[in-house]
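Letters go in sequence order (proteins before strands), and every chain restarts at 1.
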Protein chains: 2
Amino acid sequence: MNETPAGRPTLETVARAAGASRATVSRVVNGSTTVRPDVAESIRRAIAELGYVPNPAARSLVTQRTDSIALILPESATRVFSDDAFFPGVIRGVGEALEKADKQLVLLLASTKSSHDRILRYVHGRTVDGVVLASMHGADTLPEELRAAGVPVVTSGRPLGEATVPYIDVEHASGVEAAMRHLVGLGRRRIATIAGPQDMVAGRERLAGYLNGLEALGAAPLVEEGDFMRQSGMDAMERLLARDPDIDGVFAASDLMADGALRTLRRLGRRVPDDVAVIGFDDVDAARFTDPPLTTVHQPIHEIGTRLAEQILRLVEGEEVEASVVLPTRLVIRESA
Amino acid sequence: MNETPAGRPTLETVARAAGASRATVSRVVNGSTTVRPDVAESIRRAIAELGYVPNPAARSLVTQRTDSIALILPESATRVFSDDAFFPGVIRGVGEALEKADKQLVLLLASTKSSHDRILRYVHGRTVDGVVLASMHGADTLPEELRAAGVPVVTSGRPLGEATVPYIDVEHASGVEAAMRHLVGLGRRRIATIAGPQDMVAGRERLAGYLNGLEALGAAPLVEEGDFMRQSGMDAMERLLARDPDIDGVFAASDLMADGALRTLRRLGRRVPDDVAVIGFDDVDAARFTDPPLTTVHQPIHEIGTRLAEQILRLVEGEEVEASVVLPTRLVIRESA
DNA sequence: ATGAAAGCGCTAACAG
DNA sequence: CTGTTAGCGCTTTCAT
């Protein structure tokens with residue numbers, strides 16, 4: 001007969017096996033309560049026996065939902081990826097939270113220029129219900145374009161310029177200010193900073209925190225810029241010392257750069273913290289293992305991820321969300337300061 | 001009239017605007033060459049003006065393809081995630097390669113037991129064309145289940161037990177053997193190892209390499225196990241020294257554990273490499289920054305990713321692939337040995 | 001409580 | 001080279 005057993009079972013297959021209609025099977029699959037218990041039961045049995053799994057494409061076509069959320073990591077994010085625990089941490093946080101909501105995480109790596117367009121197409125195609133953007137660089141036009149596309153979006157880190165989309169960020173400046181107060185309280189008077197890239201909000205705000213903190217001292221700022229990675233911290237520290245050999249305190253805008261600074265200081269014969277006290281930012285795992293262990297400003301990386309997920313899920317449901325959520329940071333004091 | 005301007009434009013909208021049929025528009029969208037140039041041109045214009053983007057769900061429904069590939073990171077993988085550069089590196093490699101092929105990367109984090117089922121459903125639903133599995137633990141039944149589900153799959157790391165799916169791996173044992181030869185060549189005679197978890201192939205094979213290398217020496221093995229993370233390396237080194245204070249060489253199965261060993265050795269007054277030579281495995285970024293810089297066995301993490309992508313793309317196209325690809329490792333000599 | 005029927009947006013024969 | 005016609009597998013009124 002026409003009993004093609006080939007292919008994966010569809011609603012129709014199940015319906016026939018259970019002696020019901022497609023509609024009723026669909027109701028059972030989607031947990032409708034308006035199905036007679038015994039009928040539902042036999043349908044469930046048929047589903048199990050046939051190993052039926054709904055076809056998400058067919059479902060999306062009619063529901064206009066995909067139950068998946070994109071996490072976009074643009075440009076530099078992927079560069080930093082390899083030696084930084086920030087993005088992995090965010091990914092975990094977002095992933096776990098989405099999993100609880102039974103949503104899928106779709107990772108879009110925006111490494112090249114061309115991928116920018118691909119992403120836009122992808123999002124436009126409504127392959128995802130919403131977007132979490134790890135926006136980093138000021139020049140990034142993606143947040144705007146996504147908003148214009150009418151896709152729910154929330155970004156990690158306040159966008160540079162005016163924030164037109166909701167975001168999750170941490171209290172960069174006040175965390176740094178706490179670090180500065182700590183240094184000053186330690187009696188440090190010649191405090192330099194290794195700043196992050198100034199086209200990223202994190203870089204700017206941490207520098208602002210340093211400058212604010214310095215005001216209390218009435219001292220001149222001493223700034224060298226790095227790229228958040230270790231090597232740049234080593235180099236910046238060397239330039240700093242060349243500019244002023246009497247530096248007795250350093251705030252580095254990332255733990256990796258702080259670790260780099262520690263190395264340069266040691267190499268140039270400075271003892272930490274006796275000669276120079278050092279404080280970092282991030283509180284990544286590696287900070288506990290520097291020599292000496294790094295005093296640092298802790299930021300709740302995992303929570304950033306869960307909050308991002310929470311917000312985007314709300315937005316996708318059409319609910320309102322706060323324009324911004326700013327999570328606290330706190331100073332973790334270890335032996336380097 | 002019935003000119004509802006609402007909603008996103010569909011093929012039909014474009015067809016009407018360009019005075020053609022849906023089929024022809026579809027041809028243009030999909031780059032068919034059998035369309036008269038001027039017609040194609042006007043269709044393209046209409047597409048641009050209307051901002052038409054194909055609906056992937058509708059397309060998948062008929063083509064049975066989704067043009068996306070899942071990368072599954074099971075259990076421990078996500079745990080290690082935070083302080084290890086391996087998975088981020090693989091993700092980047094896979095992501096970049098897929099991007100070139102215009103495929104999407106869907107990241108599935110299998111953190112909990114329940115997610116195992118979710119993943120199976122997801123894959124069964126054919127939301128992805130193929131799966132790249134970062135299989136790690138011996139007990140993992142996922143490779144089998146996926147194969148049984150008839151989904152193209154390739155794993156990162158040879159599965160424990162018999163390999164039923166194609167995999168990409170590196171030459172663990174021979175890399176370690178090179179490390180052992182180096183140690184022996186340095187005159188080391190009391191060589192211990194900090195092994196990785198023995199329910200992972202990487203852990204086992206690196207231990208096998210150590211044992212092989214030791215044979216040349218005719219010496220008794222000295223083994224403590226860690227979990228690839230830094231803290232476990234610190235602890236294992238301490239146990240090792242307690243068992244034999246005369247150890248003069250150490251092979252650690254990961255750079256992170258090697259770094260841990262370095263710290264314990266320093267704390268206990270051993271000079272590296274004068275008293276004890278240390279070699280790690282992985283060649284992560286951090287290995288260049290340990291004190292002293294770590295001699296280590298390099299594995300091409302990024303290439304593992306690109307190879308994985310390459311293989312799964314082949315499989316999805318229905319082509320044959322080698323049952324296994326094993327990439328070379330090489331010893332990178334730095335000051336710790 | 002259940003079924004019939006329509007249709008989501010697209011591709012793929014098949015004619016012409 | 002182009003249009004017509006059939007669905008892909010599912011949800012969802014609307015009847016019954």
Checklist entry - Along nucleotides 2-11 of chain C, 5' to 3', which nucleotides get a B, which get an S, and which get a -, given that the test is a protein heavy-atom distance under 4.0 Å? => result BBB-B-BBBB
Checklist entry - Has B:E319 got more than 12 heavy atoms of other residues, nucleotides or ligands less than 6.0 Å from its CD? => result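 Counting other residues, nucleotides and ligands, CD of B:E319 exceeds 12 neighbours.
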Checklist entry - Should B:L313 and B:K100 count as side-chain neighbours, where that means a heavy-atom distance under 4.5 Å? => result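 B:L313 vs B:K100: side chains apart.
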Next on the checklist: Can you list everything that forms a side chain to side chain donor-acceptor pair (under 3.5 Å) with B:R65? Sequence neighbours excluded, please.
Outcome noted: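 Only B:D67 meet the side chain to side chain donor-acceptor pair (under 3.5 Å) criterion with B:R65.
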Item to check | Passing candidate, side-chain contact (heavy atoms from CB on, under 4.5 Å) with B:I312, options B:V131, B:V132, B:V128 | outcome: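 Looking at B:V131, B:V132, B:V128, the match for B:I312 under the side-chain contact (heavy atoms from CB on, under 4.5 Å) is B:V132.
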Item to check | N-O pairing of B:R314 and B:E317 below 4.0 Å | outcome: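 Between B:E317 and B:R314 there is no salt bridge, as every charged N stays at least 4.0 Å from the carboxylate O atoms.
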